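Following: one structure in structure tokens, then a few remarks.
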Amino acid sequence: MENSKPKYYLTTPIYYANSRPHVGSAYTTIVCDVIARYKRMCGYDVAYLTGTDEHGVNIERAAEKAGITPQELVDKNEKIFRDLWKLLGISITDFVRTTSDDHARAVQTLVRRTMERDQHLPPEKRSIYKAKYEGRYCIYDNLYVTDTPEPANCQICGRPAELISEENYFFKLSAYQDRLLELYRTQPDFVQPDFRLNEVRSFVESGLKDVSISRKTIKWGIPWPDDPEHVFYVWYDALTSYMTGVGYGEGAGGEANPRFNEYWPADLHMIGKEIIRFHAVYWPAFLMAAELPLPKRIHAHGWLLFESEKMSKSKGNVAYAEPIVKTLGNDALRYYLLREVVFGQDGNFSREALITRYNADLANGLGNLASRTLTMIERSFQGAIPPIEAPPESTLWSKDDLGVTLAKNHAPEAVQVAQAAFERFDFSAYVSAVWQLISQVDQFLAIAKPWSVKEQHDLQAILYRAAETLRIAVVLAHPVIPEATQKIWQQLGQSGKLEDVRIDQLEWGGLKPGTKIGKIEAVFPRADKKETLEKIETMENELRNPGAPAAEPKPSAAPTTEADVPRPGGAAGATAQAAAAAATAAPAVPAKIGIEDFAKVELRVGLVKSAERIQGADKLLKLLVDIGDEVRQVLAGIAMGYTPEELVGRKVVVVTNLAPRKMRGLESNGMLLAASAGPDGKPILCTFAEDIPVGSKVK
RNA sequence: GCCGGUUUAGCUCAGAGGUAGAGCGAGGGUCUCAUAAUCCCUAGGCCGUGGGUUCGAGUCCCACAACCGGCACCA
């Protein structure tokens with residue numbers, strides 16, 4: 001019975017739909033897909049959710065820039081995501097869009113439920129409260145600028161923040177510190193890997209601040225119930241989609257949906273490490289406030305680096321999944337990512353390594369083994385699977401090492417090792433165990449030499465051993481490489497779908513003698529390295545610069561909108577990187593300003609007279625800068641890119657009419673202009689090619 | 001600055017007190033069922049540096065360094 005199966009519900013992050021997904025997002029989704037498929041093959045009824053986060057100011061802006069409506073933009077991007085998941089063979093059962101009616105209802109239901117719980121509490125204890133925020137606010141980044149001396153600059157773009165007064169809804173996160181710490185204590189596997197739990201814990205221990213969960217300044221979002229001037233802000237909206245996915249908020253009362261009750265709480269939220277705080281702190285607190293069950297596990301994986309570098313659009317080294325899938329196939333990418341990337345750590349994505357893996361493990365390994373085994377069965381037994389064992393009188397047993405080899409069946413052990421690895425989410429170990437088994441069959445064949453065996457029953461025993469081990473390997477490999485394994489399955493003469501086979505009930509002897517094998521075809525044709533590489537690169541350039549003659553990236557077309565605060569979809573690499581980098585980087589295409597606004601900024605050429613490090617600050621340098629008529633003390637966050645020594649004597653551009661500000665107890669009277677496009681987001685100071693007098697105005 | 005991690009063969013990593021391991025790459029050889037595939041042999045690596053504990057230390061302890069995360073700081 002379908003209903004009697006144990007349930008397993010897992011989610012990917014809800015990806016931010018402001019641009020095309022890169023391999024990083026594909027990685028997260030593939031890993032989840034492997035888990036989903038594996039769990040199904042262990043008898044679970046699996047719900048697997050992904051989706052797109054389609055709200056927020058960045059979408060608004062990107063749409064405006066493209067001259068379309070936000071809805072048109074997200075419709076377009078949502079399709080790209082869906083198409084990619086289809087291409088990658090992702091077995092999702094649910095897809096949530098944050099702009100859907102279902103989701104709006106879910107978010108509103110959740111907040112209503114929380115506020116109902118609140119009503120029994122005195123106002124100062126309520127989880128959700130409306131409060132007036134008075135302070136600095138950056139209109140470009142929609143960010144409240146707090147904890148900075150007045151007048152403050154935006155923490156993202158660095159521009160002066162405006163003084164505003166706005167009423168917003170807040171979530172009383174500060175009240176959940178103890179309960180969260182209790183959660184981490186009693187349920188230490190709530191956050192994995194364990195070192196991430198430590199990081200989360202120390203963050204929570206250091207004190208939590210209430211978070212605002214609505215905005216009046218944004219239009220593109222879900223309206224607050226009974227107060228439609230407000231719109232839900234990022235996390236409350238995005239995180240709730242995990243519940244929308246299984247039906248939360250559907251129907252009149254909204255909460256009694258049977259599907260929701262069956263699948264919630266989620267067994268696993270798979271995320272990238274950059275959004276762990278929101279999942280391991282905010283999300284449980286939101287749910288506690290609503291008195292709903294918490295997800296069982298948050299698993300944060302590392303980032304996928306590209307050729308050892310962080311991916312970023314501005315560097316033009318973002319890798320996409322499509323070119324690989326279209327040249328080497330879906331299985332090649334899936335296999336590579338699971339095999340090569342040690343799960344949890346940052347991993348390296350390299351096309352060359354991918355092709356090497358493809359040839360060595362898929363073509364020469366599994367593909368070739370299937371081919372040689374099946375061919376021999378075809379020739380020797382007219383395509384029928386031979387009987388299982390050699391009779392006791394067989395001469396096989398007396399042949400030195402062959403007797404020993406035959407007596408040792410590696411498959412049961414491999415199954416056990418693989419299963420144990422999977423339970424730890426050690427996917428590379430899982431794959432290794434399967435491929436070790438494959439390699440053992442090749443070794444076995446080299447010893448048994450079926451091609452020179454004359455005795456019919458000996459030959460039967462040998463080839464049965466090979467075919468049956470292949471069958472077991474193929475079952476184990478199916479969650480990772482679903483397409484090829486299904487093909488081999490048919491070539492082995494098996495009917496039905498491989499996904500219906502139980503991994504947890506794998507036993508020797510599943511191949512029935514006499515079964516007619518299918519048509520033999522190579523599942524992984526060998527790839528020429530150079531040729532394949534070129535093909536992939538050409539396609540990638542095309543994706544990076546649609547329409548362009550495959551050359552350098554258009555600098556201005558670069559990352560318009562990926563800054564913002566981290567978003568759920570920032571998982572797994574590039575976007576996250578971009579978000580982090582953009583946090584230090586130039587602002588993301590702001591609204592146009594008039595010349596009169598620009599004229600307010602006074603820029604002058606300065607000469608660095610002295611520079612020194614500041615105790616206890618990694619990035620901050622204290623500089624004395626001559627700007628012609630005076631020498632200013634300026635603090636600049638450029639210590640990651642420059643040593644104090646190399647700065648002295650350099651000419652720099654200084655914003656001279658910026659209000660003074662204290663940092664680390666020292667006053668900073670001005671600001672240096674620098675680009676943040678250096679390697680790893682390190683700052684690069686603005687300089688002049690020609691000599692120029694100190695104090696000159698810059699316009 | 002605080003907290004955590006890593007540092008082992010060319011590359012990617014495993015090992016966790018008792019004579020240094022795997023895969024890939026490279027070199028040599030074998031077989032011929034197979035996708036110029038398979039199989040076998042070959043790497044002489046101060047196991048980051050310096051101390052210590054021990055009969056004995058990649059393996060435990062202490063310092064230091066480099067790199068990587070998180071926080072702080074900055075943007």
Side-chain angles (χ1 to χ4, degrees), chain A residues 148 153-159 193-206 273-274 276-277 300 302-303 305 308 339-342 344-348 350 352-353 356-357 359-380 426 428-429 431-432 435-436 438-439 441-453 459 462-463 466 520-527 563 580-587 613-621 635-641 661 663-665 668 671-672 674-676 680-683:
Chain A
T148 16
N153 292 335
C154 172
Q155 286 161 358
I156 289 177
C157 67
R159 278 174 292 209
D194 54 356
F195 62 91
R196 294 285 168 210
L197 178 68
N198 294 337
E199 290 172 7
V200 169
R201 187 190 289 117
S202 70
F203 171 76
V204 173
E205 277 168 351
S206 72
K273 64 183 182 181
E274 73 286 350
I276 189 154
R277 187 185 302 171
W303 284 340
L305 308 177
S308 298
R339 165 74 221 227
E340 195 88 351
V341 178
V342 175
Q345 301 176 24
D346 286 358
N348 218 312
S350 145
E352 259 191 74
T356 302
R357 277 282 174 209
N359 279 331
D361 297 355
L362 297 179
N364 299 352
L366 178 59
N368 182 242
L369 176 64
S371 172
R372 68 193 303 205
T373 305
L374 290 162
T375 303
M376 285 188 276
I377 290 175
E378 177 73 41
R379 289 195 191 163
S380 307
D426 187 347
S428 43
V431 173
S432 301
W435 259 259
Q436 196 188 339
I438 289 169
S439 161
V441 183
D442 273 332
Q443 289 168 39
F444 164 70
L445 290 175
I447 295 171
K449 298 184 180 56
W451 48 90
S452 60
V453 169
L459 188 55
I462 293 166
L463 290 186
I520 305 166
E521 273 172 65
V523 287
F524 294 116
R526 264 183 82 79
T584 42
R613 294 194 171 274
I614 293 173
Q615 189 81 30
D618 270 357
K619 302 187 182 173
L620 213 50
L621 292 182
L635 305 190
I638 53 173
M640 303 300 274
R661 163 176 185 196
M663 294 184 269
R664 283 260 141 189
S668 178
M671 177 172 131
L672 298 196
S676 308
D680 305 320
K682 282 182 185 167

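This one's a predicted model, so the numbers in the text were calculated from it and none came from an experiment. Each chain gets a letter, A, B and so on, in the order its sequence line appears, and its residues count up from 1.
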Which part of the nucleic acid, if any, lies within contact of A/S202, taking any heavy atom under 4.0 Å across all strands shown: a base, the sugar-phosphate backbone alone, or nothing? nothing
Examine B/U35: is either OP1 or OP2 under 4.0 Å from a nitrogen or oxygen in the side chain of A/N359? Give yes or no. no
Rounded to the nearest angstrom, tell me the gap between atom CD in A/E199 and atom C1' in B/G69. 6 Å
A/F444 CZ to B/C33 C1': how many Å, rounded? 13 Å
Between atom CG in A/N364 and atom P in B/C33, what is the gap in whole Å? 18 Å
Determine the contact category for A/N368: base if any of its heavy atoms lies under 4.0 Å from a base atom, sugar-phosphate if only primed atoms, P, OP1 or OP2 are that close, otherwise nothing. base
Closest heavy-atom pair, A/V523 versus A/G367, reported as atoms and distance to 0.1 Å, is CG2-CA, 4.1 Å
Measure from CH2 on A/W435 to C1' on B/A22 and round the result to the nearest Å. 17 Å
Rounded distance (Å) that lies between atom P of B/G21 and atom CD of A/Q436: 17 Å
B/A20 and B/C46: how far apart are their P atoms, nearest whole angstrom? 13 Å
Using the rule given for side chain to side chain donor-acceptor pair (under 3.5 Å), can you reason through A/Q443 versus A/S439, listing the C-alpha separation, both sets of side-chain angles and the distance that settles it, and then say yes or no? CA-CA 6 Å; A/Q443 289 168 39; A/S439 161; 3.1 Å; yes
Kindly point out which of B/C24, B/C33, B/C39 is positioned nearest to the side chain of A/T356? B/C24
Tell me the interatomic distance from A/D361, atom CG, to B/U12, atom C1', rounded to whole angstroms. 13 Å
Secondary-structure stems for RNA chain B, with pairs counted as Watson-Crick or G-U when both distances are under 3.5 Å and runs at least 3 long: B:1-7 with B:65-71, B:10-13 with B:21-24, B:26-29 with B:39-42, B:48-52 with B:60-64
OP1 or OP2 of B/G70 less than 4.0 angstrom from a side-chain nitrogen or oxygen of A/R277, does that happen here? no
Spacing of A/D442 atom CG relative to B/U35 atom P, expressed in whole Å: 13 Å
Establish, with yes or no, whether the OP1 or OP2 oxygen of B/A37 is under 4.0 angstrom from a side-chain nitrogen or oxygen of A/R372. no
Counting only N and O atoms by type, is there a donor-acceptor contact under 3.5 Å from the side chain of A/S202 to the main-chain atoms of A/E199? yes
Take atom CZ of A/R357 and atom C1' of B/C24, then tell me their distance rounded to the nearest Å. 6 Å
Please classify the nucleic acid contact of A/V200 as base, sugar-phosphate, or nothing, using heavy-atom distances under 4.0 Å. nothing
